[in-house]
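This report concerns only the one structure given below.
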There are 2 protein chains.
Amino acid sequence: MAQICLPIALEASDVEQLDSIIQRGRPLRKGERVFRQNDVFNAVYAVRSGTLKSYRVGGSGAEQITAFYFPGEILGMEGIGKGIHPNTIEALETAAICEIPFELLGDLSSRIPSLQRHFFQLLSQEIAEDQLLIAMLGKNSAEQRVAALLLSISARHARRKLSATAFRLTMTRADIGNYLGLTVETISRVFTRLQKNALLSADGREVIILDAGQLRAVAEGTAQL
Amino acid sequence: MAQICLPIALEASDVEQLDSIIQRGRPLRKGERVFRQNDVFNAVYAVRSGTLKSYRVGGSGAEQITAFYFPGEILGMEGIGKGIHPNTIEALETAAICEIPFELLGDLSSRIPSLQRHFFQLLSQEIAEDQLLIAMLGKNSAEQRVAALLLSISARHARRKLSATAFRLTMTRADIGNYLGLTVETISRVFTRLQKNALLSADGREVIILDAGQLRAVAEGTAQL
DNA sequence: CGTTCCATTGAGATGTGTCAATTCAAGTGG
DNA sequence: CCACTTGAATTGACACATCTCAATGGAACG
C-alpha cells in the first residue's frame with residue numbers, strides 16, 4: 001500500500017509504520033472534489049489512478065487551473081503553510097487517491113530521516129515546476145505553451161510505462177486553455193496548426209505525437225510554424 | 001543571530017543549536033550572486049537586508065525572473081528537490097544574507113518538531129505564492145499585474161514596519177516587466193496611466209501609493225482605468 | 001564629461017481575444 | 001428508440017491589448 005502511494009526506499013519496518021497512517025478512500029468520480037478552496041488542511045494525497053486538476057478562484061471570480069495531477073503524484077501540499085487549502089482539487093475522470101494525514105506524517109518524518117527528506121524534495125519540486133510554468137506564461141507563444149504541455153503529459157505517461165506518443169487527454173480544451181493562459185479557440189487553432197505541420201495527430205482528445213523532436217523544438221522556441 | 005534569520009518561536013536551547021549552524025557571509029554588492037543556476041544545492045539562505053531577484057535561463061536563452069526577495073524571506077529552497085539550483089539569485093542592491101547548510105538543518109529539524117513544521121510551511125507558502133503569480137500571468141491585464149506587484153511590495157514593506165505607501169523600488173522597469181511577462185514599454189505606460197488617475201505618484205523608482213483602495217480594485221479587476 | 005543604463009513616448013505591427021455560427025458526440029427524457 | 005438538450009470542439013471575421021521598432025532625455029557612473 002505504502003509502496004503504491006509513496007514510492008521511496010525505506011526500511012521494511014518503516015514501510016509498515018507509514019502504511020499504518022495511510023487511508024484509502026473511495027474512488028472519486030468525474031467532477032468530484034478531494035477538497036475545496038479554504039477547507040482546513042489536515043492531509044496530503046497521493047494519486048493512485050486517474051487524473052485531477054487543481055484550481056483556485058480569484059477575487060474577480062475567475063477560475064485559474066494551476067496544475068494537473070497524474071498517478072504517482074502528490075497533491076495538497078500548498079495547504080501546509082497557512083493550514084488552509086488555497087485551491088480546489090477536482091477529478092477529471094474516475095480517480096483513486098490515498099489520504100496521508102499530515103499530523104502523523106510529521107511525527108513519522110522526525111523518526112525517519114529519509115521520509116523527511118523525501119517530503120522536502122516533493123515540496124521543492126513542486127516549486128520548481130510552478131516556476132517553470134511561470135516562465136512559460138511570461139514569455140512563450142501559444143504554440144510553445146501547448147507543445148510544452150503535450151510533452152509534459154507525454155513524459156508523465158512514459159514514467160508510468162505507458163505510451164509516450166499516443167494517449168488520451170482527460171481535460172477539455174477549455175481546461176488546457178485556462179491552464180496555459182489562453183482561450184479555447186486559440187488552443188483549437190494551435191492543435192489544427194500542429195496537425196497541418198504533421199507534428200501531431202488529434203482526434204478530439206485522442207492525441208498521437210508524430211514528431212517529438214520537432215514538437216520539442218517548437219516548445220523551446222527553436223522552431224516555429 | 002538565529003532570531004534575525006529565522007524568526008520563529010523556539011526553546012532557548014534550540015535557538016542555540018540553530019544558531020551554531022548559521023553562517024554569516026560577507027555582504028553582497030549589487031549584481032553579485034548568491035548562487036547560479038545549476039550550482040549544487042547545499043544550503044538555503046535568509047535575507048537579512050537588501051533585496052534580490054531569482055531568475056532562470058530557459059532553453060532559448062531568455063531570462064525569466066521568478067521572484068523578488070525582501071528581508072526576512074528565505075530563498076534557495078527550489079534546489080532541495082533535485083540537489084541543484086534551478087535558478088540564479090542576484091542582489092538588486094547591497095544585501096546581507098545568512099547561509100543555512102541544509103544537511104545540518106535536516107538533522108536539526110528531526111530533533112525540533114517546530115523547526116521541521118516551520119520549514120514545511122515556508123516551502124508550502126512559496127508554492128502558494130508561485131501559484132498566485134501563475135493565476136496573474138494567465139488571466140490579468142498589464143494594469144492588474146502592476147497594481148498587484150506594487151501592493152505586494154507595499155505589504156512586504158509594511159511587515160517590516162516601513163511605510164506601506166512610500167518606498168523605493170530596487171528593481172528596474174525591465175525587471176518588473178520580465179517578472180510580470182510584459183515589456184519595459186508597457187510597464188512605463190501603465191505607470192503613466194496610474195499616475196494620471198492619481199492612484200500613484202512615481203518619480204523614477206521612488207513610488208508613493210496615493211489610493212491603495214483603488215489600486216487594489218485595479219489589481220482585482222474590479223476597477224479599470 | 002563622455003558613456004552607459006534607464007525611463008518615457010509615439011507610431012505601427014501582430015498575436016491572441018471576442019463574438020458568432022456550425023458541427024458533432026453524449027446524455028436525457030418522453 | 002427517437003427527438004431534444006447540452007457540452008465540447010472547430011472555424012471565421014474582427015477588435016484590441018500588448019509588442020516591436022525608433023527616437024529622445026535624463027540619471028548614474030567612471
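To find a chain, count down the sequence lines: A is the first, B the second, and so on, and within it residues start at 1. Worth saying up front: this structure is predicted, and the values here are computed from it rather than measured.
Between Lys196(A) atom NZ and dT11(D) atom P there is a gap of 7 Å when expressed in whole angstrom units. For Ile187(B) and dA17(D), the CD1 to C1' distance is 14 Å, given to the nearest whole Å. Rounded to an integer number of Å, the gap from Arg29(B) CZ to dG30(D) P is 10 Å. Rounded to whole Å, the distance from CD1 on Ile176(A) to P on dT10(D) is 10 Å. In this structure, CD of Glu206(B) is placed 13 Å from P of dA7(C), rounded to the nearest angstrom. Atom-to-atom, CG of Leu137(A) to C1' of dT18(D) comes out at 16 Å; the value is rounded to the nearest Å. Between the CZ atom of Arg173(B) and the P atom of dA28(D) there is a distance of 13 Å, given to the nearest Å. Whole-Å rounding puts the Lys139(A) NZ to dT16(C) P distance at 14 Å.
The distance between the ring centers of Tyr55(B) and Tyr179(B) does not fall below 6.0 angstrom. In summary, the aromatic rings of Phe120(B) and Phe102(A) are positioned with their centroids under 6.0 Å apart.
Considering NE2 of His157(B) and CZ of Arg159(B), their distance stands at 11.0 Å, rounded to 0.5 Å.
For Arg189(A) against dG15(C), no side-chain N or O and base N or O form a donor-acceptor pair under 3.5 Å.
Sparse packing is recorded around CZ of Arg29(B), with 12 or fewer heavy atoms of other residues, nucleotides or ligands lying under 6.0 Å away.
Listed nucleotides: dT11(D), dA8(D), dT18(D). Nearest to the side chain of Ser141(B): dT18(D).
Taking 4.0 angstrom as the limit, Thr186(B) places a side-chain polar atom (N or O) nearer than this to OP1 or OP2 of dC19(D). For dC19(D), the OP1/OP2 oxygens have a side-chain nitrogen or oxygen of Thr183(B) closer than 4.0 Å.
Within the nucleic acid shown, Thr172(B) comes within 4.0 Å of sugar-phosphate atoms alone, with no base atom in reach, counting heavy atoms only. Contact annotation for Leu182(B): backbone-only contact, meaning every heavy-atom pair under 4.0 Å involves sugar-phosphate atoms and none involves a base. Gly177(A) comes within contact range of no nucleotide atom at all, as no heavy-atom separation falls under 4.0 Å.
Because its NZ or CZ atom is both nearer than 6.0 Å to the ring centre of Phe191(A) and within 45° of the ring axis, Arg173(A) counts as a cation-pi partner of that residue.
Remark on DNA chain D: of its neighbouring residues Glu185(B) and Gly204(A), the 5'-side contact belongs to Gly204(A), judged by nearest-heavy-atom nucleotide.
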